[in-house]
Amino acid sequence: MVIVGIDIGATWTRIALADHNGKIISKIKKIATLQEGEDKFDMLRRIELTVRELSTQIGSDIEAIGVGTIGPLDLKKGVILHTPNLPIENVPILRYLRERFRVPVYMVNDCTAAVIGEKFFGVGRHYDNIVYITISTGIGGGAIVDGNVLFGKDGNAVEIGHVVVDHSGKLKCGCGGYGHWEAYTSGKNIGKFADLLLREFFSADEYKLSVLSKCVESPVDLKYSHITKAARANDSLALRILDIVANVNAAGLATVINSYDPDVVSFGGAVILENPPELLLEPLKEKVVKFIINREPEILITPLGEDIVLMGAVAIALDPEVIPKKFREL
Ligand SMILES: [Zn+2]
């Protein structure tokens with residue numbers, strides 16, 4: 001008997017089979033979440049077929065399925081409500097998989113899955129207080145406090161990408177709020193933030209002299225890769241932008257540390273995993289100290305890398321009691 005882990009992202013869905021120890025025993029199959037012109041049932045069917053294909057290859061029956069998915073979710077109904085990056089809504093993922101496979105199916109949002117993955121299989125194994133933060137297209141997180149995974153009334157307890165890091169609210173977040181962390185230093189919004197900084201703090205001449213002005217037509221098109229590459233070549237403007245980025249990230253991280261008092265904070269997501277730690281994580285660790293009241297936690301990059309949500313999905317299928325009863329019973 002095998003466990004199925006499913007990680008549904010905005011672009012890719014990753015599926016794998018695991019044994020009872022959480023060891024991945026199939027290849028990790030990566031499929032498009034939604035292709036051009038498809039509806040939510042096409043998406044669900046492709047997931048179903050991929051699970052069947054993997055279990056046929058392994059030659060073993062499925063015992064339970066865990067899903068970590070982009071949200072927002074209605075956890076009580078087991079549906080993905082809508083997502084800013086995909087033209088689908090009310091995706092009945094839990095019911096669909098239960099009806100097709102006739103086995104227990106559990107789901108949580110991707111960042112909650114990630115922190116559970118960290119607790120079961122990563123650096124969280126020896127701790128009861130763990131926060132996971134992803135800096136990717138957006139910014140999100142999951143938290144375990146005193147051994148309990150935080151869910152909240154609707155399952156949205158740890159929306160840390162939307163803590164306020166700028167009370168003047170100069171940038172508007174995709175969620176409609178102002179001054180939110182995600183609106184400043186997420187992968188999607190770093191260009192808008194760089195553009196704001198260039199207008200407010202730097203002269204036009206400085207920009208013209210910088211490598212960054214040769215990378216893109218307009219500063220709003222800047223990506224992390226442009227800025228970190230320029231910084232590695234000692235471009236002074238890029239270095240100063242990253243210094244301010246570290247301050248904003250430190251403000252967000254401090255709010256999390258002051259709220260949850262974690263033993264360990266692990267970071268993941270493409271922005272963290274694909275850029276040099278000495279330019280992003282190390283300056284953040286230095287700067288956060290001045291903002292926190294609680295004893296400094298260990299701050300590191302997750303050893304689970306891009307598999308962290310998938311591992312969390314496996315973990316909830318192995319140990320569904322990490323999910324509150326109200327979200328387990330449809
Ligand atoms: Zn927001």
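Counting convention: from 1, in listed order, for ligands and their atoms alike. Since we're looking at a predicted model, the values are computed, not measured. Numbering of residues begins at 1 and proceeds along the displayed sequence.
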(Q) So that I can tick it off, tell me whether Glu182 and Lys188 are bridged by a salt bridge, with the cut-off set at under 4.0 angstrom between side-chain N and carboxylate O. (A)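 The answer is no: the pair does not qualify as a salt bridge.
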
*Residue that, paired with Leu273, satisfies side-chain contact (heavy atoms from CB on, under 4.5 Å) out of Ile135, Ile301, Ile308*: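 Exactly one option meets the side-chain contact (heavy atoms from CB on, under 4.5 Å) with Leu273, and it is Ile301.
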
inquiry  = One pair to check against salt bridge (Lys or Arg N to Asp or Glu O under 4.0 Å): Arg14 and Asp307. What are the steps and the verdict?
reply    = CA-CA 9 Å; Arg14 301 166 80 245; Asp307 293 336; 2.8 Å; yes

Protein N, O or S within less than 2.8 Å of the Zn ion (ligand 1), waters excluded:
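Near the Zn ion (ligand 1), below 2.8 Å, one finds His162 ND1, Cys173 SG, Cys175 SG, His180 ND1.
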
Distance under 6.0 Å and angle within 45° of ring axis: Arg46 vs Phe41: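 Here Arg46 fails the 6.0 Å and 45° test against Phe41.
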
| Would you call the rings of Phe193 and Tyr184 parallel, tilted or perpendicular, where under 30° means parallel and over 60° means perpendicular? | perpendicular

Are the aromatic ring centres of Phe327 and Phe151 under 6.0 angstrom apart?
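Ring-ring flag for Phe327/Phe151: true, centres closer than 6.0 Å.
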
